[in-house]
Colleague: 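Submitted below is the structure of interest, expressed as structure tokens.
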Amino acid sequence: VGVAFVVPPAAALTGLTTENWFLAGIGLGAWLIMSATYTPMLRFYHRSLLWAPALPAVAILYAGMTLDSARQHWVGRGAAWKGRTDPRTARL
């Protein structure tokens, strides 16, 4: 997740703040390409294309939720919904 979704915005912001235009251009270009490739999904789900630049934040959030799910499984909590757990999904 870090290389694919964090580095382009970080490079763009770092380049803009330090006036390193090459770094800013590379970061913004990669971020633009990333956003452009996300637009078909946004169209499919009838969402505004203004969400496209938020893809890095969405990816980090999704990765965090996946890691938390793995952690919950590892400690034996299994799947949970509205405070209820399913014992079939708990770690043995």
Side-chain angles (χ1 to χ4, degrees):
V1 172
V3 173
F5 296 106
V6 176
V7 171
L13 296 175
T14 302
L16 290 172
T17 56
T18 62
E19 295 183 2
N20 181 340
W21 306 122
F22 178 75
L23 183 61
I26 293 293
L28 288 171
W31 198 353
L32 179 66
I33 291 168
M34 184 187 331
S35 297
T37 60
Y38 188 40
T39 57
M41 274 291 116
L42 293 172
R43 284 191 181 110
F44 180 79
Y45 287 108
H46 307 289
R47 298 289 172 241
S48 170
L49 296 182
L50 295 174
W51 280 103
L55 179 59
V58 171
I60 291 167
L61 177 66
Y62 185 77
M65 290 188 296
T66 301
L67 291 172
D68 183 58
S69 176
R71 182 189 61 80
Q72 298 251 357
H73 177 73
W74 183 257
V75 297
R77 291 198 184 123
W81 178 253
K82 297 184 180 179
R84 298 181 297 269
T85 58
D86 184 353
R88 297 174 296 171
T89 61
R91 186 169 176 244
L92 300 174

Colleague: If you define the side chain from C-beta out and look only at heavy atoms, does anything of Val58 sit under 4.5 Å from Phe5?
Modeller: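 Heavy-atom side-chain distance check fails, nothing below 4.5 Å.
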Colleague: Are Trp74 and Leu67 joined in one hydrophobic group, where the rule is that I, L, V, M, F, W and Y side chains link up if heavy atoms are under 4.5 Å apart?
Modeller: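 No, separate clusters.
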Colleague: Please say yes or no: joined through hydrophobic side-chain contacts below 4.5 Å, possibly via intermediate residues, are Trp21 and Leu13 part of one cluster?
Modeller: no
Colleague: What pair of heavy atoms forms the shortest contact from Ser35 to Ala52, and how long is it?
Modeller: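 Nearest heavy atoms, Ser35 then Ala52: OG-O, 3.4 Å.
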Colleague: Could you grab the distance from atom CG of Leu50 to atom CG of Leu42, nearest 0.5 Å is fine?
Modeller: 9.5 Å
Colleague: Determine the minimum heavy-atom distance between Thr17 and Thr14, stating which atoms define it.
Modeller: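 Between these two residues, the closest heavy atoms are OG1-O, 3.1 Å.
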Colleague: Could you report the tightest heavy-atom contact between Pro40 and Ala36, atom names first, then the distance?
Modeller: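 Nearest heavy atoms, Pro40 then Ala36: CD-O, 3.6 Å.
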Colleague: With hydrophobic residues grouped by side-chain heavy-atom distances under 4.5 Å, do Leu28 and Ile33 end up in a single group?
Modeller: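 No, Leu28 does not connect to Ile33 through the hydrophobic network.
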Colleague: Nearest 0.5 Å, what's the CG-OG1 distance between Leu23 and Thr18?
Modeller: 6.0 Å
Colleague: Counting N and O atoms only, with roles assigned by atom type, does the side chain of Trp31 sit under 3.5 Å from a partner on the main chain of Ala12, one being a donor and the other an acceptor?
Modeller: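 Side chain of Trp31 to backbone of Ala12, a donor-acceptor pair under 3.5 Å: no, none is there.
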Colleague: Any chain of hydrophobic side-chain contacts (each under 4.5 Å) joining Phe44 to Met34?
Modeller: yes
Colleague: Closest approach of Tyr38 and Trp51, non-hydrogen atoms and distance?
Modeller: CE2-O, 4.0 Å
Colleague: Taking the side chain as every heavy atom from C-beta outward, state whether Val6 and Ile60 have any atom pair closer than 4.5 Å.
Modeller: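 They are in side-chain contact.
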